Amino acid sequence: MSTGTVAKPSAAPKKAGRRKLTWPWILLIVAAGLVLFSLVRVISGADDLTSVGQVSGALQLAIPIGLAGLGGLWSERAGVVNIGLEGMMVLGTWFGAWAGYQWGPWTGVVVGLLGGAIGGLLHAIITVTFNVNHIVSGVAINILAVGFTQYLSNFTFGEAEGGSSKQSPRIDPITDITVPGLSDWLMDLQQKHWFLISDIAGILGGLVTNLSLLTVVAILLVPATWWVLWRTAFGLRLRSCGENPVAAESLGVNVYKYKYIAVTMSGALAGLGGAFLAIVSTGIYQEGQTGGRGYIGLAAMIFGNWMPGGMALGAGLFGFTDSLKIRGGAENVHALLLLVAILLVLAAAWQLYKKKYVPAVIAAVFAVGFFLWYALTDQVPSQFVDAAPYITTLLVLALSAQRLRMPKADGLPYRKGQGK
Amino acid sequence: MMKIDKDKLLIGAAGPVLALVSSFVLTMLVLLATGLDPIEPIQLMIENAGYADIQVLIINQTGIYYLAALAVAIGFRMNLFNIGVDGQYRLAAMISAVVGASVELPGPLHILLIVVVAALTGAFWAGIAGILKTTRGVSEVVSTIMLNAIATSLIAWLILPKNLGVQPEGSNDLTTGEIAESGWFPGIDMGQGNGEIYGFTFVALALGVVYWFALNRTRFGFDLRATGESESAAQASGVDAKRMILTSMLISGGLAGLSGMPTLLGDTHTYSLSFPVGVGFTAITIALLGRNNPVGILFAALLFAFLDKASSSLDVEGYPKEITQIMQGIIVIAVVVSYELVRRYGTRRQQQKVGEELAAGGAIKTDKEVSA
Amino acid sequence: GKSSNDSGSDSDSKATKAAIAYDIGGRGDQSFNDAAYAGLKKAEDELDVKGAEAEPSSGEGDADKVQRLTSLARAGNNPVIGVGFAYAPAIKKVAAQFPDTTFGIIDDTSVTGKNIANLVFNEEQGSYLAGVAAAKASKSGTVGFIGGVEVPLIKKFEAGYVQGVKDTNPKAKVLTQYLTQPPNFDGFAKPDLGKAAAQGQLDKGADVIYAAAGLAGSGAIEAASKAGKWAIGVDSDQYNQAGLAAYKDSILTSVTKDVSDSVFNLIKSVKDGKPQTGEVRYGLATDGVGLADSNPKYKEMTDLIAAVNKAKQDIIDGKITVKTAP
Amino acid sequence: MELHGITKRFPGVVANKDIAITVRKGTVHALIGENGAGKSTLMKILYGMQKPDEGTIAIDGEQVSFSSPGDAIARGIGMVHQHFMLADNLTVLENVVLGGEKLYGIGAKARKKIKEISDAYGLGVRPDALVEDLGVADRQRVEILKVLYRGAQILILDEPTAVLVPQEVDALFDNLRELKAEGLTVIFISHKLGEVLKVADDITVIRRGTTVGTADPKTATTKQLAELMVGSELPSPETRESTVTDVAMLEVKGLTLLESGFTGAPLTTAAPADPSATAVVREEVAAGRKLLDDVSLTIHKGEILGIAGVEGNGQTELIEALMGLRAPDSGGISLDGQDISALPVRKRREGGIGYIPEDRHRHGLLLEAPLWENRILGHVTEAPNSKRGILDPKAARKDTERIVREYDVRTPGIDVTAASLSGGNQQKLIVGREMSHNPKFLIAAHPTRGVDVGAQAQIWDAIREARREGLAVLLISADLDELIGLSDTLRVMYRGKLVADADPATITPEQLGSAMTGAATGRLEGGDERPEQSEQSEDGDAR
Ligand SMILES: Nc1ncnc2c1ncn2[C@@H]1O[C@H](COP(=O)(O)OP(=O)(O)OP(=O)(O)O)[C@@H](O)[C@H]1O
Ligand SMILES: Nc1ncnc2c1ncn2[C@@H]1O[C@H](COP(=O)(O)OP(=O)(O)OP(=O)(O)O)[C@@H](O)[C@H]1O
Ligand SMILES: [Mg+2]
Ligand SMILES: [Mg+2]
């Protein structure tokens with residue numbers, strides 16, 4: 001049974017199409033996206049699309065997903081598939097809250113991180129030392145973490161003042177920072193609803209308003225991870241364990257050690273995500289609080305091609321669509337219909353340019369369909385609004401998944417001295 | 001040959017025994033550590049399992065888990081991770097309930113229609129992931145997670161009274177309307193209010209046999225297993241890997257769709273907001289525990305059903321029910337770790353045999369050559 | 001064979017034992033289930049009744065509920081109360097088997113029988129009053145409603161609230177947001193979702209937010225409080241809830257739903273030998289639902305209180321009929 | 001360096017038994033022995049990857065004990081493994097510095113150092129290329145660079161020449177001599193005795209885990225070495241009388257295969273910033289590199305057509321196109337007069353194509369499945385494996401037993417997994433399986449690669465036997481002796497094109513080798529160094 005997660009077209013050529021995205025291009029794409037978005041906002045009048053609140057809400061929803069995704073990245077870069085992120089996150093929420101309500105939020109953060117790390121360590125023992133299938137181990141850890149925390153809640157929160165067997169007492173909040181002046185100025189600018197300028201102001205404003213210190217830490221972890229994994233000797237060794245552990249071994253790298261570190265770190269990051277949920281997002285521990293965010297984090301990581309930046313983009317996409325829907329989804333998502341329609345028109349044009357007429361026609365037909373849907377209704381049924389993040393992800397993946405490439409030895413068993 | 005068989009038996013038995021012993025010991029330690037009696041809860045559960053009504057519940061739940069786990073297992077056999085069984089199961093139950101409630105046909109036909117619709121719906125939903133994988137290379141892990149969530153929304157919309165749903169007078173529930181009695185699957189009444197064993201449970205078992213036969217005795221099954229073991233070797237052997245992915249995804253979804261049938265046809269006769277959820281996730285664990293083998297899955301499903309149902313009165317006796325979930329987690333880990341340990345031992349034995357064989361073949365030659 | 005309920009089937013002694021079977025979430029949810037538990041606790045203290053509780057396991061079906069109720073009934077509990085509409089099909093089956101036991105079900109009137117008491121509430125009436133209060137308290141003319149999960153029960157809250165707002169200020173705008181769709185019941189449990197939704201409505205100018213979202217509502221209350229706007233609580237008087245002490249000044253009022261009393265009353269009626277049967281409705285008239293007035297600032301708003309009281313009287317008198325679906 | 005009394009036991013196998021070797025400083029010391037003799041194991045012990053059960057290692061007279069390759073590296077030992085130890089998805093730079101980051105860091109300094117070494121030895125390594133994009137010879141150079149980068153004083157090369165053409169081998173040997181001149185010690189493992197004699201200063205022979213003798217390269221002949229190695233004369237792949245008929249069995253016309261780019265993903269398509277590179281890349285994507293360029297050939301009944309070529313010049317693609325694993329962009333294939341261009345793999349196999357894949361682990365076996373299931377693989381629709389869609393395990397098992405008997409597959413039974421057989425025995429099983437279905441046409445890709453001498457002879461015999469009965473064979477091999485000895489006709493493939501053809505009776509491996517590097521085209525004449533540019537038709541058979 002495999003742990004492989006990405007289809008590898010076995011007969012596909014190696015070199016073609018695997019060109020790197022360079023910075024100018026990334027910026028260009030981002031700029032084009034922004035213009036398009038702004039256009040949609042102006043036409044549809046859904047000013048909330050890029051409001052300060054929207055962006056800061058998206059950030060808040062994206063952070064736990066992103067931290068889980070970062071955890072997945074560490075582990076899979078070292079060759080261990082970690083579907084146990086969800087469980088490690090659960091440990092993070094529980095331990096974070098347990099320590100947090102008693103000894104303050106920052107202690108909670110540290111203990112939550114340690115709680116997740118314990119889950120990661122367990123995963124490492126099972127998969128690295130015992131060489132058990134990674135998915136089995138991850139699934140078991142998910143079950144165990146949920147059972148264990150729920151069980152313990154009976155004896156801890158259940159007996160605490162202001163708590164119950166399902167939730168913890170309230171945890172003191174972590175300081176929020178808002179850059180004075182700048183934040184207000186951007187807010188004003190955003191509320192002018194000018195084309196493009198207000199949108200940029202909204203996005204920047206969202207990034208400097210009501211920012212929890214832990215949010216700042218979490219955001220910094222993304223470039224930090226990139227730097228550690230791609231710019232240090234430690235990171236090179238760690239990644240080599242995910243690409244070809246036998247080769248690493250032959251150069252004197254202690255593969256077990258790096259796998260252990262990576263998977264434990266992975267648990268710690270997921271635990272931090274859990275602690276963030278409990279301490280910053282909610283202020284209490286709540287049974288079932290993670291609600292599958294560990295899995296979404298994993299999805300975001302795959303989406304991001306096992307790279308920190310891409311992963312952050314994936315988490316951001318989830319956070320953004322999630323926030324769109326939760327903040328008056330009927331209207332916001334309705335505006336997205338227009339965006340989809342425009343994108344489909346662009347896709348049709350592209351296909352036409354490449355002389356692929358059938359896909360062009362299909363895209364055009366869908367474009368018209370979405371235009372009509374947009375024009376003839378004011379709202380999207382709330383049930384569909386809920387599905388927006390997931391449909392968006394599927395669409396984006398369908399357009400780009402073939403470029404994904406997971407670490408070569410990801411999910412494969414490894415034993416020292418057994419390489420050929 | 002005799003020796004190998006004896007070895008095999010010993011090795012085969014060692015795994016489960018090691019696993020069960022260690023998981024019980026660990027569970028007791030957890031209970032002890034929290035200051036509870038380590039023996040009584042287990043005693044209570046065993047006692048509970050002795051009661052006929054609980055046995056009925058266990059058997060019925062086993063059937064449901066069994067089907068869903070088969071759905072997961074067939075994917076695993078192909079290296080596909082169908083996390084979407086839960087969504088496929090829910091959507092299939094809902095759509096088939098709607099169809100079942102809207103028609104009235106002679107008994108067997110009515111049931112057949114519902115079952116076929118369920119299988120098709122499940123297959124359709126899984127097929128989306130299959131198509132995305134074969135044509136666009138989208139990982140089925142991600143797409144089935146997404147499709148689970150999308151199924152939730154779709155069902156929520158479809159079940160609105162303005163669409164396909166019904167809100168019974170005076171109820172706060174939403175249902176799909178009741179299926180007429182001709183569409184109920186007859187069960188075995190255990191008398192004395194002990195409940196009914198769902199008739200569909202036997203269909204589930206029969207499907208287990210079919211699963212075994214299809215996988216181990218047909219060309220199709222061989223191709224499927226070959227693809228799961230080595231996609232490249234299977235392709236070179238003439239398997240169309242893409243078609244295989246799609247086919248097994250469809251079968252997996254179809255089975256997932258069927259796993260809602262015991263409940264729908266044997267008990268609720270309608271799909272409502274309180275239809276059981278999460279079956280597909282438990283099924284992943286069960287399939288892994290049963291090592292994707294139809295007999296193994298049966299035992300695993302039985303074990304999980306037992307833990308679920310026999311623990312129902314633990315809270316009344318003052319023991320947190322969550323202990324069973326801890327047990328489930330520990331069992332899974334204990335089983336796989338002990339299997340791995342036993343497997344390592346077994347491989348060593350096997351290699352030793354190969355080595356002996358080779359040595360026997362080359363021994364004479366070696367002796368002669370030394371003098372050369 | 002032997003059934004798990006055979007043991008201890010020493011029933012007959014009327015109402016010395018009463019039982020409740022919880023909805024998903026179970027005891028400790030600080031909301032619906034806990035309210036039912038409070039009623040049982042009160043009965044234990046005041047009526048000398050021995051209470052039993054049973055929790056569901058996640059993902060269970062009707063058959064499990066049947067087994068649970070049967071086992072509670074066999075054990076001699078009377079009444080046996082199912083908390084939540086999910087118990088309806090199970091009660092239908094079990095009640096027929098135990099004609100001498102009274103079964104209570106909360107939030108459902110679809111199953112009937114002479115030993116079944118349907119404990120239902122006119123949530124829409126309480127919500128109507130909340131709407132009146134919101135319309136009166138709002139300066140911006142925009143108010144918000146946040147529903148936890150989009151199910152008919154919560155839509156009742158929405159319907160009453162919207163009607164109350166519009167009747168009071170026809171020009172007012174009501175923003176409506178549901179957090180999740182069934183069977184994903186996270187919307188009752190995730191305060192962060194409540195917070196984000198409330199933030200969205202606040203950004204759109206809402207200055208009173210009514211959250212019928214169980215625990216997720218606390219997130220909405222937090223957001224409203226931080227923005228210096230009003231929040232309206234639900235189910236119990238949230239002004240007095242320990243976990244929300246930091247934000248209580250912003251809790252204008254709460255729509256109460258007296259589940260606890262309904263449980264207590266049913267147990268009492270059985271104990272008294274006159275068991276309730278059929279629909280037992282708790283509305284404004286019986287104070288089964290209503291508006292809390294613990295917040296001193298609320299008490300100062302005489303204009304608002306007058307409007308609320310008038311509306312309440314009109315509903316009781318039948319001059320206003322409140323819709324149950326939006 | 002002195003190795004003394006080294007013994008290493010694996011479950012069931014004694015890989016090394018009381019081995020004693022002395023390597024003089026500043027020499028090239030060759031280690032030879034047949035498959036499974038224990039050479040690699042010995043080297044892994046010396047390199048700290050495996051621990052000896054008994055015995056001692058002394059370097060410069062000082063006793064050492066390594067618990068990991070790290071220790072060995074620290075003592076100045078470097079090893080180039082038999083199977084490349086490279087991470088495909090990392091750059092050359094990353095592969096080189098891995099584990100030795102302390103030396104020059106992982107950045108600019110390291111890059112400079114790599115360039116320096118590369119220039120000094122003419123390795124021509126580009127530090128920032130992805131290893132995955134490199135050919136075998138380049139990878140080999142990266143492996144050597146890895147060792148030099150660490151400043152190794154003792155260099156172990158485990159079968160470095162197996163995948164190289166003669167010219168590349170010569171280049172490698174030049175490098176080795178240079179290294180030797182600088183005082184480095186080289187331990188060199190090879191099966192190719194001619195090479196060994198050319199480069200080595202000392203030779204040690206290992207057989208069945210023990211040292212059976214040493215030889216002086218100045219006086220020894222390959223024949224003597226071979227006898228020392230195996231204890232008997234080496235079999236030769238020589239084919240005796242010709243069995244070629246006039247009946248064409250396989251005809252390939254104008255087969256062309258383009259490297260396909262990705263389509264339909266405009267969202268993330270981006271070209272490199274450098275404009276000149278952009279143009280190139282665009283063109284490539286638009287036109288596609290030609291992996292197969294108008295390949296035409298005919299193989300007759302009873303004929304073995306050998307294709308020589310450096311790996312990565314389209315042989316793999318040709319096989320895949322013939323098998324139906326890849327759809328060519330143009331061209332036709334017909335088997336026994338029937339057009340099979342549009343048939344899927346399975347139909348082609350049923351139609352009589354047998355396939356001995358170049359990578360048996362990836363394409364020929366289910367490693368974790370028992371032998372009898374492996375016997376079914378690839379022929380699941382054919383008798384005796386199944387009837388009307390239903391498998392017939394009994395018959396398959398019986399037939400597996402027959403194959404095991406007839407092809408001398410050494411195994412305790414047919415229920416052991418394929419993984420537990422040694423490479424040679426795995427290969428015999430595959431050959432037996434493919435021959436059991438009386439193929440009309442056999443694709444034999446490196447049929448004896450890494451297989452020991454005995455098994456090699458058996459496999460050659462099997463192929464010759466079938467040829468006599470009218471089998472057409474496409475033989476692809478890196479072993480030029482095998483190719484020349486076995487083939488009736490030889491063609492050379494270069495950059496996806498069949499660029500030259502030769503008569504196996506007269507051609508020498510050196511000539512063939514130069515054609516393989518693209519240095520010679522057209523008809524290669526034996527003995528004549530300068531190939532004449534004949535304008536023979538592309539689709540004609542090569543005689
Ligand atoms: N990790 C291992 N576990 C068990 N047995 C092994 C292992 N590695 C090698 N062997 C055994 O040791 C023997 C010697 O193997 P080794 O790889 O050293 O041979 P070799 O001389 O390098 O052969 P070749 O020419 O094929 O490379 C083999 O026959 C094999 O059976
Ligand atoms: N990693 C390993 N673990 C256990 N046993 C091994 C391992 N590698 C090799 N062996 C054992 O060594 C024996 C032969 O191995 P090996 O494949 O090296 O033989 P070989 O003749 O050198 O073939 P190849 O051409 O594939 O190298 C087999 O019996 C196998 O069981
Ligand atoms: Mg070998
Ligand atoms: Mg070797």
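Letters A, B, ... are given to chains in the order of the sequence lines, protein chains preceding strands, and every chain is numbered from 1. Keep in mind that what you see is a predicted model, and the values were worked out from it rather than measured.
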Engineer: Is chain A contacted by the side chain of D:K146, its backbone, both, or neither, given a heavy-atom distance below 4.5 Å?
Structural biologist: side chain
Engineer: With side chain to side chain donor-acceptor pair (under 3.5 Å) as the rule and sequence neighbours excluded, what pairs involving residues 252-263 of chain A come up?
Structural biologist: A:T129-A:Y260, A:R237-A:Y258
Engineer: Please classify the contact of A:A32 with chain D as side chain, backbone, both or neither, using a heavy-atom distance under 4.5 Å.
Structural biologist: neither
Engineer: Would you mind checking which part of A:R231 comes under 4.5 Å of any heavy atom in chain D, side chain (CB onward), backbone (N, CA, C, O), both or neither?
Structural biologist: backbone
Engineer: Mind checking whether D:T417 and D:L367 have side chains closer than 4.5 Å, heavy atoms only?
Structural biologist: no
Engineer: Looking at D:D88, D:N95, D:V97, which has the largest count of heavy-atom pairs under 4.5 Å with chain A?
Structural biologist: D:D88
Engineer: Can you say whether D:I106 sits under 4.5 Å from chain A via the side chain, the backbone, both, or neither, judging by heavy atoms?
Structural biologist: side chain
Engineer: Under 4.5 Å heavy-atom distance to chain A, tell me which part of D:D71 shows up: side chain, backbone, both or neither.
Structural biologist: neither
Engineer: Run the ring-centre check on D:Y355 versus D:H363 and record whether the distance is less than 6.0 Å.
Structural biologist: no
Engineer: Among pairs that include at least one residue of residues 344-353 of chain A, which meet salt bridge (Lys or Arg N to Asp or Glu O under 4.0 Å), considering only residues two or more places apart or in two chains?
Structural biologist: none
Engineer: Tell me, do D:R348 and D:M323 make a side-chain contact under 4.5 Å, heavy atoms counted?
Structural biologist: no
